[in-house]
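Note that the structure is a prediction, hence the values are computed from the model and not measured.
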Amino acid sequence: MIKIYVMESCPDCTEVKALYSDNPEYELIDIGRQARSLKEFLALRDHHPAFTKVRERGNIGIPCFVREDGSVAISLKHFDAEHFTPAIEPTPQEGASCSLDGTGC
């Protein structure tokens with residue numbers, strides 16, 4: 001099962017939630033609903049190399065797709081369940097609405 005980390009208030013996650021919410025092959029995890037989910041995501045974000053540039057830019061890194069093998073894609077644009085490409089970094093304009101500095105909110 002592929003885990004997808006999202007947040008209710010994240011505009012970048014809206015399309016992802018609409019596409020995958022009714023599919024049993026995916027587990028949508030809203031990191032804003034439970035501290036346990038947020039802690040799980042932050043542990044991934046703080047240590048996985050796919051998030052290096054995300055952290056440097058001050059972005060959050062959601063939506064985030066994680067396969068069972070631990071590979072990560074950040075953004076719907078770079079996610080394809082059949083041809084999953086790990087450690088793809090979003091382009092600078094992607095995820096602006098989810099920047100820690102509030103840019104684009």
Side-chain angles (χ1 to χ4, degrees):
M1 177 178 297
I2 294 174
K3 291 183 177 184
I4 306 173
Y5 292 95
V6 295
M7 184 175 245
E8 181 71 30
S9 60
C10 170
D12 295 335
C13 297
T14 304
E15 182 180 3
V16 171
K17 290 186 293 187
L19 288 170
Y20 299 105
S21 64
D22 294 329
N23 189 326
E25 294 181 27
Y26 301 90
E27 177 184 6
L28 268 80
I29 302 168
D30 187 327
I31 64 173
R33 292 194 181 257
Q34 292 186 6
R36 180 181 312 164
S37 298
L38 177 60
K39 185 175 178 179
E40 180 181 299
F41 173 73
L42 290 176
L44 175 69
R45 182 188 179 274
D46 289 350
H47 301 290
H48 197 287
F51 292 93
T52 301
K53 291 194 187 302
V54 170
R55 289 189 308 267
E56 289 172 0
R57 291 183 191 129
N59 290 345
I60 295 172
I62 56 174
C64 170
F65 303 81
V66 183
R67 287 185 81 174
E68 291 177 12
D69 67 2
S71 54
V72 172
I74 305 166
S75 89
L76 182 58
K77 178 181 174 183
H78 297 117
F79 174 71
D80 177 340
E82 296 300 317
H83 303 95
F84 196 85
T85 306
I88 297 282
E89 297 295 338
T91 57
Q93 54 273 38
E94 284 185 85
S97 60
C98 291
S99 291
L100 294 174
D101 66 2
T103 311
C105 291

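With sequence neighbours left out, the side-chain hydrogen bond (donor to acceptor under 3.5 Å, both in side chains) criterion links Gln34 to no other residue.
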### Chi angles and distances behind the side-chain contact (heavy atoms from CB on, under 4.5 Å) call for Tyr5, Lys3
CA-CA 6 Å; Tyr5 292 95; Lys3 291 183 177 184; 3.8 Å; yes

### Task
Before giving the answer on side-chain contact (heavy atoms from CB on, under 4.5 Å), spell out for Leu28 and Ile4 the whole-Å C-alpha distance, their side-chain angles and the decisive distance to 0.1 Å.
CA-CA 5 Å; Leu28 268 80; Ile4 306 173; 4.3 Å; yes

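Rounding to the nearest 0.5 Å places CD1 of Ile74 at 9.5 Å from CG of Asn59. The CZ atom of Phe65 sits 9.0 Å away from atom CD1 of Ile2, with the distance rounded to the nearest 0.5 Å. Considering SG of Cys64 and CE of Met7, their distance stands at 13.5 Å, rounded to 0.5 Å. Rounding to the nearest 0.5 Å places CG of Leu38 at 11.5 Å from CD1 of Ile29. If you take CD on Glu40 and CG on Leu42, they are separated by 10.5 Å, rounding to the nearest 0.5 Å. In this structure, Arg36 CZ and Ile31 CD1 are separated by 15.5 Å, a value rounded to the nearest 0.5 Å.
Ring-plane geometry between Phe51 and Phe41 is classed as perpendicular, the angle between the planes exceeding 60 degrees on a 0 to 90 degree scale with a lower cut at 30.
Nearest heavy atoms, Val66 versus Val72: CG2-CG2, 4.1 Å. Across all their heavy atoms, Ile60 and Arg45 have their closest contact at O-NE, 2.8 Å.
Sorted by first and then second residue, the salt bridge (Lys or Arg N to Asp or Glu O under 4.0 Å) pairs involving residues 21-33 (not counting sequence neighbours) are Glu8-Arg33, Asp30-Arg33.
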